[in-house]
Number of protein chains: 2
Amino acid sequence: MAEQTVEELVADVFSRGCTSREALEHVTGKWSLLALSALAESPHRFGELRRRIEGVSEKMLAQGLQTLERDGWVHREVHSTIPPHVEYRLTGAGAELVPHLLGLIDFVEGRMPAVRAAQAAADQVRPPR
Amino acid sequence: MAEQTVEELVADVFSRGCTSREALEHVTGKWSLLALSALAESPHRFGELRRRIEGVSEKMLAQGLQTLERDGWVHREVHSTIPPHVEYRLTGAGAELVPHLLGLIDFVEGRMPAVRAAQAAADQVRPPR
DNA sequence: TATGGCACTAACCATTGGTTAGTACGGCTG
DNA sequence: CAGCCGTACTAACCAATGGTTAGTGCCATA
């Protein structure tokens, strides 16, 4: 661990220097995850995404989309119109990423009864602060 | 959207009131994700996890493990010894969750060259602030 | 005596998340 | 006419969470 090769930088999430950590954080971010899921349905304009994802602010949405675009998961297309018209769609890479995310989302959603039961049981033994 | 049924609370990540949002945030949290991945290899003691996951502090690790335990993904077993001996292992649910996480991690790791290339290209067009 | 092992937690500062206001332009309504 | 709406962001500022550092108690060892 004293020395790190380039391969280790790429390949090992347990390694502090692994650059995929950051990329993982981006795609699993709270709002990015939901934006990607929405874009899996169809390309959206900014405002459409905003309305699709309840609870997200324009600021957080813009931030997440910017990151997703920079990492190459999302394609942003600006039409020079008034009012502004910006469209977001998944890139090829994004389209391959999304089934992984949706699989995880579906799994967790399906497990919510168990999660809730576990929380209730845990809170009985050890009430939260 | 004016009214929400219990089903909607459970089933729709796009909905503000969806409780699975929080559960998703927990399992995809930066340190929790790595803890779950390490536990997929074998049960670990606290210190073993700390050493396995480079860069995590005891505080952040403890916090993540506590959440994972509460949600029912991880089983925490305390042995009353001196020095303390606490062991963490995946629950049955955790064992089913982890392949989803590992699939995502593998996918993103494999895509890092493309992510980096996308970032470099994006930064040329639009240098980051 | 001091230090190390173990698994946390308290105190405090740094960073990111989130709220609110603002931008510019054309169209529509009262 | 003035005000508001639609659009897609960004600036300013406060709230919340992440992260750093110190501390806990007990036994064993140098």
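What's counted below: heavy atoms across the whole structure, side chains too, no hydrogens, waters or symmetry copies. Letters A, B, ... mirror the listed sequences (proteins, then strands); counts begin at 1.
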Trainee: Grab the CZ-P distance between B/Arg21 and C/dG17 for me, whole Å please.
Mentor: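 Distance check: B/Arg21 CZ to C/dG17 P gives 15 Å.
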Trainee: Measure the distance from CD on A/Gln66 to C1' on D/dT10 and round it to the nearest whole Å.
Mentor: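 Value for this atom pair: 10 Å.
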Trainee: How many angstroms lie between atom CD of B/Glu69 and atom CZ of B/Arg76, to the nearest 0.5 angstrom?
Mentor: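 So the gap between those two atoms works out to 5.5 Å.
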Trainee: Do you know the tightest heavy-atom contact between A/Ala38 and B/Phe14?
Mentor: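 Closest heavy-atom pair between A/Ala38 and B/Phe14: N-CZ, 3.5 Å.
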Trainee: Need to verify one output field. Residue with the more 5' nearest nucleotide on DNA chain C, B/Lys59 or A/Gln63?
Mentor: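 Closest to the 5' end, via its nearest nucleotide, is B/Lys59.
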Trainee: Looking at every non-hydrogen atom in both residues, tell me the closest pair between A/Leu68 and A/His26 and how far apart they are.
Mentor: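 Looking at all heavy atoms of both residues, the shortest contact is CD2-O, 4.5 Å.
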Trainee: In whole angstrom, give the distance that lies between atom CE of A/Met60 and atom C1' of D/dC9.
Mentor: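 Distance, rounded to whole Å: 14 Å.
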Trainee: What is the distance from CD of B/Glu77 to P of C/dC8, rounded to the nearest Å?
Mentor: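 Rounded to whole Å, this separation is 13 Å.
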Trainee: Quick one: A/Leu68 CG to D/dC9 C1', roughly how many Å, whole number?
Mentor: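 A/Leu68 atom CG is separated from D/dC9 atom C1' by 16 Å.
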Trainee: Could you give the CG-to-P distance, from B/Leu65 to C/dC8, as a whole number of Å?
Mentor: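 Computing the B/Leu65:CG to C/dC8:P distance gives 8 Å.
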Trainee: Could you give the CD-to-P distance, from B/Glu69 to C/dA7, as a whole number of Å?
Mentor: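 That distance rounds to 14 Å.
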Trainee: In whole angstroms, how far is the P atom of C/dC8 from the NE2 atom of B/His79?
Mentor: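 Those two atoms, NE2 and P, are 12 Å apart.
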Trainee: Just the table, please: protein N/O against nucleotides 3-8 of chain D N/O, every pair under 3.5 Å.
Mentor:
from	atom 1	to	atom 2	distance (Å)
D/dT7	O3'	A/Arg45	NH2	3.4
D/dT7	O3'	A/Pro84	O	3.2
D/dA8	OP1	A/Arg45	NE	3.3
D/dA8	OP1	A/Phe46	N	3.4
D/dA8	OP1	A/Val86	O	3.4
D/dA8	OP2	A/Gly47	N	2.7

Trainee: Quick check for you: to the nearest 0.5 Å, what is the distance between B/Thr91 atom OG1 and B/Glu96 atom CD?
Mentor: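 One gets 8.5 Å once the value is rounded to the nearest 0.5 Å.
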Trainee: Is the phosphate of D/dG19, meaning OP1 or OP2, less than 4.0 Å from a side-chain N or O of B/Trp31?
Mentor: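 Looking at the OP1 and OP2 atoms of D/dG19, one of them is under 4.0 Å from a side-chain N or O of B/Trp31.
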Trainee: State the CG-CG distance between A/Leu97 and A/Leu90, to the nearest 0.5 angstrom.
Mentor: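 So the gap between those two atoms works out to 8.0 Å.
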Trainee: Would you compute the distance between atom CG of A/Asp106 and atom CZ of A/Arg111 and round it to the nearest 0.5 angstrom?
Mentor: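 Output value for this atom pair is 13.5 Å.
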